[in-house]
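Scroll down for the structure; my scribbles are underneath it.
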Amino acid sequence: MEEKILNGKKNGMKVLLLVLAVYVLDVAGFVFSVMNVEKAHNALPVTGLVVSIIVFCTAWIFLCGLKVLKPQEALVLTLFGKYVGTLKDSGFYYVNPFCTSVNPAAKTRLNQSGDVSDAGNFAAVVGATQMAANVELVNNKLSMKIMTLNNSRQKINDCLGNPIEIGIAVTWKIVDTAKAVFNVNNYKEFLSLQCDSALRNVVRLYPYDVAPNVDTTGDGVADEGSLRGSSEVVAARIRDEIQIRVEEAGIEIIEARITYLAYAPEIAAVMLQRQQASAIVDARKMIVDGAVGMVEMALERLSEKEVVTLDEERKAAMVSNLLVVLCGNRDAQPVVNSGSLY
């Protein structure tokens with residue numbers, strides 16, 4: 001389906017003034033016919049009266065062809081089931097009064113910008129049939145603005161099988177109104193489902209955190225890609241995946257961002273203990289490396305200054321004592337030896 005842009009038909013004001021002028025003349029003719037129908041003895045006033053009534057009852061049909069568009073709005077028109085074209089430029093248009101606007105996603109509400117409705121206002125509209133019809137006509141316009149879809153969080157298993165919860169925000173807009181309206185049943189629901197599907201396909205390729213022997217790029221070489229550490233790369237990959245899927249719906253994906261990322265509640269406590277254990281091991285390793293360096297420095301300085309001469313057994317005892325003092329979690333309680341070293 002190719003999009004047809006309708007241009008050069010901004011005659012809405014002219015047609016509106018013309019219809020109003022016809023109604024004014026029709027009312028004047030109706031009054032004149034009523035005043036002269038009893039005085040005249042021919043059928044001319046009666047014919048004028050009938051014509052006035054017919055015009056009065058049918059002239060409003062031309063008002064149905066008046067369309068008003070604001071900036072960044074579009075209207076897809078069909079005539080007896082055939083696609084006529086799309087109005088995109090803002091202005092006051094007049095089209096065939098029998099043309100109908102089409103927007104299958106007019107009543108669809110998603111968790112995104114532009115779809116937030118007031119429940120109180122909606123209830124009031126439902127109570128009045130005419131107001132509901134007017135709202136429906138307004139909703140048949142397609143918004144060409146940039147919108148942000150914030151789907152609900154999903155629970156997905158990463159490449160290691162760990163369940164995680166992740167949410168994304170997708171920034172998108174319509175670029176082809178004909179494809180959006182006619183190629184899919186409901187372009188909003190279609191976009192939402194494709195976002196969920198693309199998110200699952202990409203997340204299952206990455207671990208939550210950096211893991212050994214994991215290939216996230218598909219080149220057969222292990223890398224350090226992860227959901228937590230490579231958020232920009234993952235977001236770009238999700239965006240490309242969604243764009244491929246919604247191309248036929250006339251939608252352009254501008255950006256995709258991860259808005260929420262965490263382990264699922266059932267394993268969050270275990271993973272926290274794992275992270276704490278890893279942090280403790282790293283801290284202990286740093287402490288031991290520093291302690292060994294300090295012991296080496298102490299032995300070298302004692303040897304250089306010839307402060308005291310220690311045999312191998314005494315050196316081992318000194319090293320043991322220093323390591324206990326430097327690596328212990330608590331402050332050492334010194335024991336003073338007042339006697340001989342030997």
Under the side chain to side chain contact (heavy atoms under 4.5 Å, CB included) rule, what do Leu79 and Cys99 come out as? Steps first, then yes or no, please. CA-CA 5 Å; Leu79 180 61; Cys99 287; 4.1 Å; yes
Residues Tyr94, Lys14; criterion side chain to side chain contact (heavy atoms under 4.5 Å, CB included); working and verdict: CA-CA 9 Å; Tyr94 176 75; Lys14 297 179 182 179; over 6 Å; no
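Between the side chain of Glu252 and the backbone N or O of Lys173, no donor-acceptor pair lies under 3.5 Å. The main-chain N or O of Ile253 is found under 3.5 Å from a side-chain atom of Arg239 such that the two form a donor-acceptor pair. Side-chain N or O atoms of Thr58 include one that pairs as donor or acceptor with a backbone N or O of Ile54 at under 3.5 Å. At distances below 3.5 Å, at least one donor-acceptor pair connects side-chain atoms of Asn151 with backbone N or O atoms of Ser192. Using modelled atom types, no side-chain atom of Ser230 and backbone atom of Val233 make a donor-acceptor pair closer than 3.5 Å. Looking at Tyr187, its side chain never comes within 3.5 Å of a backbone N or O of Val181 through a donor-acceptor pair. A donor-acceptor pair under 3.5 Å is formed between the side chain of Asp158 and the backbone N or O of Tyr208.
Under a hydrophobic-cluster definition in which Ile, Leu, Val, Met, Phe, Trp and Tyr are linked whenever side-chain heavy atoms come within less than 4.5 Å, directly or via other members, Val102 and Ile174 are assigned to the same cluster. Residues Val288 and Met286 are members of separate hydrophobic clusters, defined by side-chain heavy-atom contacts under 4.5 angstrom among Ile, Leu, Val, Met, Phe, Trp and Tyr. Note: the hydrophobic cluster containing Leu193 does not contain Trp172 (ILVMFWY, side chain heavy atoms under 4.5 Å, direct or indirect links). Cluster annotation: Tyr263 and Leu160 are assigned to distinct hydrophobic clusters (Ile/Leu/Val/Met/Phe/Trp/Tyr, side-chain heavy-atom contacts under 4.5 Å, transitive). Val15 and Leu63 fall within a single hydrophobic cluster, where Ile, Leu, Val, Met, Phe, Trp and Tyr are joined by side-chain heavy atoms under 4.5 Å apart, directly or via other members.
To the nearest 0.5 Å, atom OG1 of residue Thr177 and atom OH of residue Tyr83 are 4.5 Å apart. Rounded to the nearest 0.5 angstrom, Asp89 CG and Gln72 CD are separated by 10.5 Å. Considering CG of Asp240 and CZ of Arg237, their distance stands at 9.5 Å, rounded to 0.5 Å. With rounding to the nearest 0.5 angstrom, the CG atom of Leu191 is 5.0 Å from the CD1 atom of Ile251. Summarising the geometry, atom CG belonging to Asn183 is positioned 9.0 Å from atom CZ belonging to Phe190; distances are rounded to the nearest 0.5 Å. To the nearest 0.5 angstrom, Asn11 atom CG is 10.5 Å from Leu66 atom CG.
Other residues, nucleotides and ligands contribute only 12 or fewer heavy atoms inside 6.0 Å of the CG atom of Asn185. Open room surrounds CZ on Phe62; 12 or fewer heavy atoms of other groups in view lie less than 6.0 Å from it. More than 12 heavy atoms of other residues, nucleotides or ligands sit less than 6.0 Å from atom OH of Tyr23. Environment of CD in Glu255: crowded, with over 12 heavy atoms of neighbouring residues, nucleotides or ligands closer than 6.0 Å. Around atom CZ of Phe56, no more than 12 heavy atoms belonging to other residues, nucleotides or ligands sit under 6.0 Å away.
Closest non-hydrogen pair, Lys88 versus Ile5, comes out as CD-CD1, 3.7 Å. Across all their heavy atoms, Arg245 and Ser197 have their closest contact at NH1-OG, 3.2 Å. Glu73 and Lys141 get closest at one heavy-atom pair: OE1-CD, 3.4 Å. Here the closest non-hydrogen pair linking Glu3 and Thr86 is CG-OG1, 4.2 Å. Taking all atoms of both residues into account, the shortest heavy-atom contact from Ile156 to Leu199 is CD1-CG, 4.0 Å. Nearest heavy-atom pair across Pro163 and Lys155 is CB-CG, 4.4 Å.
For residues 189-210, the pairs satisfying salt bridge (charged side-chain N to carboxylate O under 4.0 Å, His left out) are Asp209-Arg228, with sequence neighbours left out.
In this structure the side chain of Leu77 never reaches within 4.5 angstrom of the side chain of Tyr93, judged on heavy atoms. For the pair Leu261 and Ile164, the minimum side-chain heavy-atom distance is below 4.5 Å.
Ion pairing of Glu232 with Arg257 is present here, as a side-chain N (NZ or NE/NH1/NH2) and a carboxylate O approach within less than 4.0 Å.
Screening Asp223, Leu227, Val202 against Thr216 for a side chain to side chain contact (heavy atoms under 4.5 Å, CB included) leaves a single residue, Asp223.
Members clustered with Val210: none, using a 4.5 Å side-chain heavy-atom cutoff among hydrophobic residues.
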